[in-house]
**Student:** 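My structure is below; once you've seen it, I'll send some questions.
Sequence lines set the chain letters: A, B, ... in the order given, protein chains first and strands last, and positions in each chain run from 1.
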Amino acid sequence: MIPLNTRSHYSFMWGTGSIKSLCRRAKALGYDRIALTDTDNLCGMWQFIRACRRSSLTPVIGAEITDPHTSHRAVCLVKDHIGYRNLARLITRRHTDKGFSLKTDLPGLAHGLTVLTKNPDLLLFWHENGVDLAVNLTRHPLSRHHPLSVTARHLDIPMVATPGSFFLNPEDAKIHRMLRAIDRNTCLSRLTPVDAAPDTAFLASPHAYREKFAIQRSAIHNTHVLGEKLNFQGPDFGIVMPPLKGKTTACTAEKILYEKTLAGAKIRYGEILTHRVIQRIHHELAIIRQKNFCEYFLVVQRIVKRASRICGRGSGAASIVAYCLGITNVCPIKHNLYFERFLNPERTDPPDIDIDFAWDERDDILDWVLDEFRGHAAMVSSHILFQPRMAVRETARVFGLPEMEIGKVSKRLPWFWRINEAPDDLLNRIRVRPEFRFMDFPQPWPDIMAYAQAIIGTPRTLSVHPGGIVITPGPINTYVPVQTAPKGVPIIQWDKDGAEAAGLVKIDLLGNRSLGVIRDSIESVRQSSGKFDDFNTLDPEDDHDTRQTVAQGHTMGCFYIESPAMRLLQKKTRVGDFEHLVIHSSIIRPAANTFIQDYIQRLHTGVWKPIHPLLESVLDETFGIMVFQEDVSRVAVKVAGFTHAAADGLRKIISKKDRETELADYHDRFEQGALAKGVRPADVKVIWDMIASFSGYSFCKPHSASYARVSFQAAYLKTHYPAQFMAAVISNQGGFYSTFAYVSEARRLKVKILAPDVNLSGIQWKGENLRLRVGLMAIRDLSAKTMAAIVEQRRSKKFTDLEDFFARVNPRENEARALIQSGSLDTLDRSNNRAGLLWSLAAWQNKKKTADRQPSLFDPIASGPGIPDLPAENTVERLRREFFVLGFLCNCHPILLFKEILQEFNTVKAIHLPRFINKKVIFAGWLITGKVVKTRHGDPMKFLTFEDETGIVETVFFPKPYALFCHMLDYGKPYLIYGKPDSNWGAVTLVVEKTRSVPSLPGRSTG
Amino acid sequence: MDRSIIHLNIADFAAAVETNLAPALQGYPFIIAPLGAPRAVVYDMSDEAYQQGVRKGMPLSRATRLNRKIRLLPPRFNRYEQVMKDLLKESLAFTPLIESGTLDGHIFMDVTGSERLFGPSADVAFKLKKAFKRSFNFDPIWSVATNKLVAKVATRIVKPVGEVIVPPGNEQDFLAPLPIHLIPGLIKTDLTRLAEFNLFFVSQARTLTLDQLRGAFHQRAGLIYNRIRGLDPTPIQTLRKSGSPLKAEHEFVDDTNELGLLRSALYGLVEKICRALRNQNRLWTAAKIVLSYSDGLQRTTALKLSPPVSTDMAAFKSCLVLLDRAWTRRVRIRHMRLICERSGPAQIQATLFSQDTKATKQTTLMRTMDMIRSRFGNNAITPALTLEGEKRAS
């Protein structure tokens, strides 16, 4: 028996078993050949091929195709390369052609395929059209008199026995039903028979099928005969490069690249090129030619030409060719970047060039590429899997729990629990977590957790990769099935790993908010002062004041160096030059804490010695500490005698998930190699630990240098044009901190915050001359349409009073209320009482309703009685509402409202904390950001950032206080922090002992 | 002529009944809620439990977390119903104009015309209070005013013990200093809007004219205007006058979204209504179902029953359609109410010849079941469909 119709969990929301477990199970049951026929996709094909190889199974490639308009379905099994291309096209058509009909579309693309069906009509029709057919007997034999049997006999078509499986074991049926209930948006008891597969749809043993088909043995025999004929084990495309348009035999890609590089070099380095530059260009071009990458560079260059500003990231930034073509912005010669990290003759896998664009320009660039290479380009997909949080949420919904109850549990699940890290016993592990200490888990929570556990890691849907795009020389749907993502772009069914396995070279076009920030800041400065004709020619890294900003860690809002960890590192190192920033932005890695301390010490003292003499000169630049990705490869070559290819393999595997087996192999090889070179076992361990600290994410030096350039540009603008810069940071959104925190930062930079005003504010924030006008976008609930209407109406004439505003803009009730409460309409009313504005709003709405219901020939909205004399506003209540709609206060830091309450606690201000090192203090601060980490022993602890009106305070909640207080910490309110300030190389942090909320301000109903 | 309305309010009625039945509970915190159900909610609690933060409708698991040792009692609705009936009986001695809620310990009495018989209204209230104390060991809050609104506000401000007399003509002065949220009849949106206008007290809101109120509150203006002035002309809704439609309801001890349990509960409700209709010799012509989800949302749908029915099976078939239409969300259902919106007279003229149809068979079966139940009690015979619900409940 050969299972010719099995489904993995890539049969989205139908199948339950992963591809790995499917292959393992098949092998355990005694199969030696298996077909994966997921429904309407080849998403798991490369995983399947790899898993079969590991389990010593022979893969059969195929898919089940369904008809979206009827119940027709067919299993297509690939016989050869033509069949594969046809199957990819058929699946593409299934997903992209609204009028797709399986019955009529399949025959034209059936060449090279064997098609299994159990529909007598389809059998007859396809037979007449010359399709290679077999009858699909799923799970049980068929009576001789069944119409299908009769038709098959009549047409002499073989009948084959298949498992038609959706899950691996009988007990998985309930998980299958859970997935179906999630998919159907219903509860388990309301699933109908057509909504789910029967409980028998599991993968049984060959023996079980032999018994089931004992009365129709020919079916098993036919299965073997057919299975043995299906020898196609996956496509082999080689490396698939994007094609260049406009090349001819006379004007080859190589020639074009050479010419463009030289022209670019003259712009970058001046008309007369130095020997060093020319030599480097020639060296790189030789390798690029050898690796056949010329067209790739030229295609990327065509793409980047269309953007206002870009940041080439990744190892590609080490290339002078890329620098000359304008793909990257750092000079590899000036910053000593090695081209071989990007491309070398030994490298077998295709490197990719990643480019950042301003976030709001990125989609236009993508659209252009997709349009320019129509039919040959598509975005890479992301396979969205059930993560623990989503699994708990969706399962609880099927169990019918209200959203609020679900939210209480799911929001407390640790964010760092990803698929591979979710513990086996979800419920018991959750119970002991400090965040859940005041929660019970009555039924059905134990059941929910058990189900959630089972579906974690199951693919839910295909989504668009953040920026990966592939361009193929031939039609892309002959390489891989393509479908359309909900946002309308074509996506291939493989994720980035699948694309890489297939040899499709990916170009990453990513959105970057900071490029938007820099662009907008420059534009704002240019408009007001006419400066910055060409900002790119400026070298911000040479500006003294900017270096001071960076060295002091005053970099909130600056790209990549604004996180608390990075700012603290800057404060501790007290250096603000480019070369050190490149090191710093790379050494900040999740697992590199101990090395950071060593680094700071060595930086300040200048005293260090290499772990082993072999490492002398390898890590001199970084004081003997491995900082960049390429350091891993270089150390492996030097210490353990790895080849460059093997060392590169180690570098790659270390940052991958699901790598345990391979990494263990590398460790053994490294250990043996190092011992053979005479390194002591203790030193081998120290070096390996340093290598292991590159797990998770890490950067190569070209990437860090490329980012550091953007960081410096941002820091320069912040230093010299704080109002314009902060306006751009807030307007472009998506920074590390909330608007609240950026507003406070602006205030600390002596920038005055001006309240929103319908007659003065734009949609975006506007900064000029140390004044920052709040943009309409800051107001909660205000739609883009209303914002646009306000700006548009104002252009012709300013708003004179409330009635004028309401009549011309016609906002919805919640929008008008938000505008009033934010203070945007204060200037239209002189009473200084927003209650009066709200009264006018209510009156205007009532009149409008009446006018809508009873249209009148005369003035539809005649004025009624005026605004009554309403009681004066309670200041606290007014500010509370303002805070609610804006998320910050325009006139002051909200902690100042608690001034009287805080007096009795004798609190210390942020700015004075350095005076109290190692002394007990109470600090009153507003929580602005935080990060949970795990200690070496696996206990959770938290770094939280608080602020008051004088400054920012980084605090540390070690595991014990974290366990006690984590459940009560929330954003948007003040806390009293009890602890001791600690100084580390001059950077002060507050080590927390306990915390509590600041007592509330007087109640609302006190008038 | 000014009316005399008495409002008697036995605070935490179910808890008070339980304390009477077991005096040892006096002074201790306890909760009344269905036991053994993991997702039950608090039905009522003693004042001591209230002081500890327990509230009606709170999930029981959360309530017990506030005090792990708190005592839990299962609700005994038949007891509460009986006590309520006894209280009304005692009250009826003074006036036939009595209005009460369902098992909530609230009684409104209009004693305007009975002064000559029983003395001033305050005396009547005092007598009743003493009678309640003597006969049932209850200590109700009482108030006397010229209308239900003022009487209710009066008991609200003295809860959990006390008495208030608001003399005729003093209503406005009495209400003036009070926070506006104490006024019954004002909905949440009214209160939110009043707060936005910085109007937190009755006296502040009363400075507005009706015209001004209309400007901001439109159709609600009249009601607000009257309420903040203590004007409430609504009469006492006596039990006999209220011609409410037939209805039956089911509270799921553990909220559920299981089809089997919902069907089972629905059948129970259909049985109750159909039996009442058969007793009145009427047929069910229009039905309405109200589903209350666990998150507080409600969904109502109605259906015309054609042809009209009075047998459980036929009515259940139509009500299943009704349930399917109303059950549009996955969220668990806590409460189900089935209402007989309209009914018509049953066909009186019998057919000349006997017809052995399904309908006649069902009618015969129903008649037989009704006879068995009337003789041996409601539980003497049970349809299998309702067993699932009972089994789960037990």
**Student:** Looking at B:Ile180, B:Asp255, B:Ile333, B:Val331, which one has more heavy-atom pairs under 4.5 Å with chain A than the rest?
**Tutor:** B:Val331
**Student:** So what's closer than 4.5 Å to chain B heavy atoms on A:Arg817: side chain, backbone, both or neither?
**Tutor:**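 When you check distances to chain B, only side chain atoms of A:Arg817 fall under 4.5 Å.
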**Student:** Under 3.5 Å, side chain of B:Arg332 to main-chain N/O of A:Phe399, donor-acceptor pair present?
**Tutor:** yes
**Student:** Any chance CZ of A:Arg190 has more than 12 other-residue heavy atoms, nucleotides or ligands included, within less than 6.0 Å?
**Tutor:**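 Counting other residues, nucleotides and ligands, CZ of A:Arg190 exceeds 12 neighbours.
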**Student:** Working to the nearest 0.5 Å, report the span between CG of A:Asn185 and CZ of B:Arg329.
**Tutor:**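 Answer rounded to 0.5 Å: 11.0 Å.
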**Student:** Atom CD of B:Glu196 and atom CG of A:Leu870: how far apart are they, to the nearest 0.5 Å?
**Tutor:**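 Answer rounded to 0.5 Å: 11.5 Å.
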**Student:** Name the option with the most non-hydrogen atom pairs under 4.5 Å to chain B; the candidates are A:Pro442, A:Pro402, A:Ser840.
**Tutor:**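 Most heavy-atom pairs within the cutoff with chain B belong to A:Pro402.
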**Student:** List the steps and the verdict of side chain to side chain contact (heavy atoms under 4.5 Å, CB included) for A:Trp839 and B:Leu208.
**Tutor:** CA-CA 12 Å; A:Trp839 186 280; B:Leu208 304 175; 3.7 Å; yes
**Student:** Count the heavy atoms belonging to other residues, nucleotides or ligands that lie under 6.0 Å from CZ of A:Phe883, then report whether that count exceeds 12.
**Tutor:** yes
**Student:** For B:Arg325, give me all partners under side chain to side chain donor-acceptor pair (under 3.5 Å), at least two apart in sequence or on another chain.
**Tutor:** none
**Student:** Quick one: which of A:Leu838, A:Leu841, A:Ile820 has the most heavy-atom pairs under 4.5 Å with chain B, could you say?
**Tutor:** A:Leu838
**Student:** Is chain B contacted by the side chain of A:Ala181, its backbone, both, or neither, given a heavy-atom distance below 4.5 Å?
**Tutor:**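 Contact with chain B: backbone only.
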**Student:** Nearest 0.5 angstrom please: B:Asn198 CG to A:Arg878 CZ, how far?
**Tutor:** 10.0 Å
**Student:** With rounding to the nearest 0.5 Å, note down the distance linking CZ in A:Arg184 to CZ in B:Arg330.
**Tutor:** 11.5 Å
**Student:** Using 0.5 Å steps for rounding, measure from the CZ atom of B:Phe197 to the CD1 atom of A:Ile867.
**Tutor:**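 Output value for this atom pair is 10.0 Å.
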**Student:** Between B:Arg193 and chain A, with a heavy-atom cut-off of 4.5 Å, which part of the residue counts as in contact: side chain, backbone, both or neither?
**Tutor:** side chain
**Student:** Are side-chain heavy atoms of A:Pro871 and B:Phe201 found at a separation under 4.5 Å?
**Tutor:** no
**Student:** I'd like to know which of B:Ser61, B:Ala216, B:Ser294 tops the heavy-atom pair count under 4.5 Å against chain A.
**Tutor:**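 Top count of heavy-atom pairs under 4.5 Å with chain A: B:Ala216.
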**Student:** Does any heavy atom of chain B fall under 4.5 Å from the side chain of A:Gln821, the backbone, both, or neither of them?
**Tutor:**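 For A:Gln821, side-chain heavy atoms alone lie under 4.5 Å from chain B.
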**Student:** If you count heavy-atom pairs under 4.5 Å between each of A:Glu403, A:Met404, A:Arg881, A:Gln845 and chain B, which one has the most?
**Tutor:** A:Arg881
**Student:** Under a 4.0 Å N-O cut-off, is there an ion pair linking A:Glu405 with B:Arg39?
**Tutor:** yes
**Student:** Within a 6.0 Å radius of atom CZ on B:Arg156, are there more than 12 heavy atoms belonging to other residues, nucleotides or ligands?
**Tutor:** yes
**Student:** Is it the case that atom CG in A:Asp869 sees more than 12 heavy atoms from other parts of the structure closer than 6.0 Å?
**Tutor:**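 Count not over threshold, so no.
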**Student:** Nearest 0.5 Å, what's the CG-CG distance between A:Leu401 and B:Asp295?
**Tutor:**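 Here the interatomic distance stands at 10.5 Å.
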**Student:** Under 4.5 Å heavy-atom distance to chain B, tell me which part of A:Arg397 shows up: side chain, backbone, both or neither.
**Tutor:** both
